[in-house]
Amino acid sequence: MATATREAYGAAEEKLAVGTAQATAAQRTQIADEILSVAGLLRGEPRLRRALTDPARPGSDRAELLVSLLGGKVSATTVDALAVLVAGRWSRPSELLNATERLGVDAVLGAADKSGKLADVEDELFRFGQIVRGNPALSVTLSDPGAPSSRRVKLVEDLLKSKSQPATVRLIQEALEGFGGRGFEASLTRLVELTAAKRDREVAYVIVAKPLTDADEQRLGAKLSEIYGRQVSLKVDVDPRVIGGVSVQVGSDLYDGTILRRLNEAKQAFAK
């Protein structure tokens with residue numbers, strides 16, 4: 001985010017935190033749904049996005065416009081937080097949409113945290129991503145922006161019914177909309193990382209040829225935590241194609257010690 005965007009988002013995030021400080025998990029869930037519904041409205045109404053980010057209008061006027069649209073239709077907490085968001089400075093209308101989506105996702109995560117289900121949500125998002133990547137037909141269906149959103153949402157609900165936390169399903173629905181302008185699978189990855197960050201953890205994506213033992217996972221997690229100075233959530237993907245060794249990616253850092261990588265390097269050396 002640009003500096004002005006971060007400032008606007010930070011102010012709205014703080015306003016939301018104050019407004020939900022005493023809220024129950026159910027109340028936080030309702031607020032999250034309201035904010036994401038507003039994000040959906042902005043997504044479908046480019047003229048409204050432009051009006052709410054018009055630099056020629058004072059921030060207070062833009063906030064009043066939002067209040068006039070939402071007043072009496074959503075909770076006061078939602079209106080207050082979004083009014084602060086809209087009053088900020090925005091370089092592009094799309095930035096406001098992205099920030100509204102992010103605020104709604106943060107509210108979903110806050111509700112899951114309040115109910116003690118945040119770790120479950122993180123794991124379920126990652127596992128669903130693995131299922132999608134392992135099923136090309138499902139991946140194409142869910143990633144197709146031309147397919148009706150309602151049909152894709154219904155498919156996800158049928159797949160996850162009674163198997164996942166409601167917060168997980170809600171976040172996957174947001175991924176279907178292209179969270180932050182990303183594709184579906186990239187949206188899922190970003191949501192996993194945001195969920196881990198809510199738990200004050202870094203995400204480490206691990207690829208191995210065969211499952212790690214519990215002891216191996218503990219040792220790897222401890223080593224990475226030592227390197228990065230915070231707890232690390234291991235997301236392990238078993239892929240026999242790597243033959244052996246381990247690949248670990250944390251953010252932009254890649255540690256690839258797989259046999260497949262060594263073989264590829266050897267092939268490249270012989271080809272020169």
Side-chain angles (χ1 to χ4, degrees), residues 1-17 28-29 31-46 48-50 52-53 66 78 81-82 84-86 88-113 118 121-122 124-126 128-130 132-133 139 141-147 149 152-153 156 167-203 205 233 235 249-252:
M1 290 184 184
T3 301
T5 303
R6 285 197 299 269
E7 290 176 354
Y9 183 81
E13 187 179 34
E14 183 176 348
K15 189 72 173 179
L16 182 63
R28 290 173 184 238
T29 296
I31 291 167
D33 284 340
E34 291 173 350
I35 295 173
L36 290 175
S37 293
V38 173
L41 175 65
L42 294 175
R43 192 179 299 116
E45 298 288 345
L48 178 58
R49 291 201 303 271
R50 290 194 294 269
L52 292 175
T53 56
L66 181 83
T78 296
L82 291 178
V84 170
L85 193 66
V86 166
R89 290 187 293 131
W90 305 95
S91 300
R92 298 182 300 275
S94 60
E95 290 181 349
L96 175 62
L97 170 58
N98 293 343
T100 305
E101 290 176 340
R102 174 68 182 273
L103 193 67
V105 164
D106 282 349
V108 172
L109 297 177
D113 192 21
L118 202 54
V121 171
E122 181 186 328
E124 288 168 0
L125 286 171
F126 175 68
F128 188 73
Q130 285 186 307
V132 172
R133 284 189 292 274
S139 177
T141 299
L142 294 181
S143 301
D144 182 7
S149 177
R152 291 182 289 141
V153 167
V156 167
T168 302
V169 178
R170 188 66 185 87
L171 292 173
I172 292 173
Q173 290 173 356
E174 190 60 25
L176 290 171
E177 298 291 350
F179 176 60
R182 301 172 180 86
F184 176 63
E185 292 187 31
S187 294
L188 280 180
T189 297
R190 182 58 179 149
L191 290 168
V192 169
E193 292 166 353
L194 289 175
T195 308
K198 187 74 173 179
R199 301 174 62 218
D200 194 28
R201 289 172 177 257
E202 198 78 47
V203 175
Y205 297 100
S233 285
K235 303 304 177 190
Q249 182 159 3
V250 182
S252 60

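Residue numbers count from 1 along this sequence.
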Are the side chains of Phe128 and Thr168 in touch, meaning some heavy atoms are under 4.5 Å apart?
no

Could you check whether any side-chain heavy atom of Leu36 comes within less than 4.5 Å of a side-chain heavy atom of Glu174, counting everything from C-beta outward?
yes

Give, for atom [atom1] of [X] and atom [atom2] of [Y], the distance between the pair rounded to the nearest 0.5 Å.
X      : Y      : atom1 : atom2 : answer
Leu103 : Ile35  : CG    : CD1   : 4.5 Å
Thr29  : Arg170 : OG1   : CZ    : 10.5 Å
Leu125 : Leu194 : CG    : CG    : 10.0 Å
Thr100 : Arg102 : OG1   : CZ    : 12.5 Å
Leu142 : Ile172 : CG    : CD1   : 9.0 Å
Glu13  : Arg6   : CD    : CZ    : 13.0 Å

Partner residues of Lys235 under the side chain to side chain contact (heavy atoms under 4.5 Å, CB included) criterion, sequence neighbours left out
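Partners of Lys235 under the side chain to side chain contact (heavy atoms under 4.5 Å, CB included) test: Glu122, Phe126, Val192, Val203, Tyr205, Ser233.
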
Any side-chain to backbone donor/acceptor pair from [X] onto [Y]? Under 3.5 Å, distance only.
X      : Y      : value
Glu101 : Gly180 : yes
Glu45  : Leu41  : no
Trp90  : Leu85  : yes
Arg152 : Leu176 : yes

Locate the shortest heavy-atom distance separating [X] from [Y]; write the atom from each residue and the value.
X      : Y      : value
Arg49  : Arg43  : NH1-O, 3.2 Å
Thr195 : Leu118 : CG2-O, 3.7 Å
Ala107 : Leu16  : CB-CD2, 4.1 Å
Phe179 : Ser187 : N-OG, 3.1 Å
Ser139 : Val132 : CB-O, 3.5 Å
Leu188 : Gly129 : CD1-CA, 3.8 Å

Please check if atom CD in Gln130 has more than 12 non-hydrogen atoms from other residues, nucleotides or ligands closer than 6.0 Å.
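Yes, CD of Gln130 has more than 12 neighbouring heavy atoms, counting only those of other groups under 6.0 Å.
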
Enclosure of Arg199 CZ (heavy-atom neighbours >12, cutoff 6.0 Å):
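Yes, the 6.0 Å shell around CZ holds more than 12 heavy atoms from other groups.
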
Tyr9 and Asp106: side chain donor to acceptor below 3.5 Å:
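Asp106 and Tyr9 do have a side-chain donor-acceptor pair below 3.5 Å.
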
Assess, by modelled atom type and distance only, whether the side chains of Glu185 and Ser143 contain a donor and an acceptor separated by less than 3.5 Å.
no

Determine whether Leu171 and Leu109 satisfy the following criterion, side chain to side chain contact (heavy atoms under 4.5 Å, CB included), listing intermediate values before the conclusion.
CA-CA 9 Å; Leu171 292 173; Leu109 297 177; 3.8 Å; yes

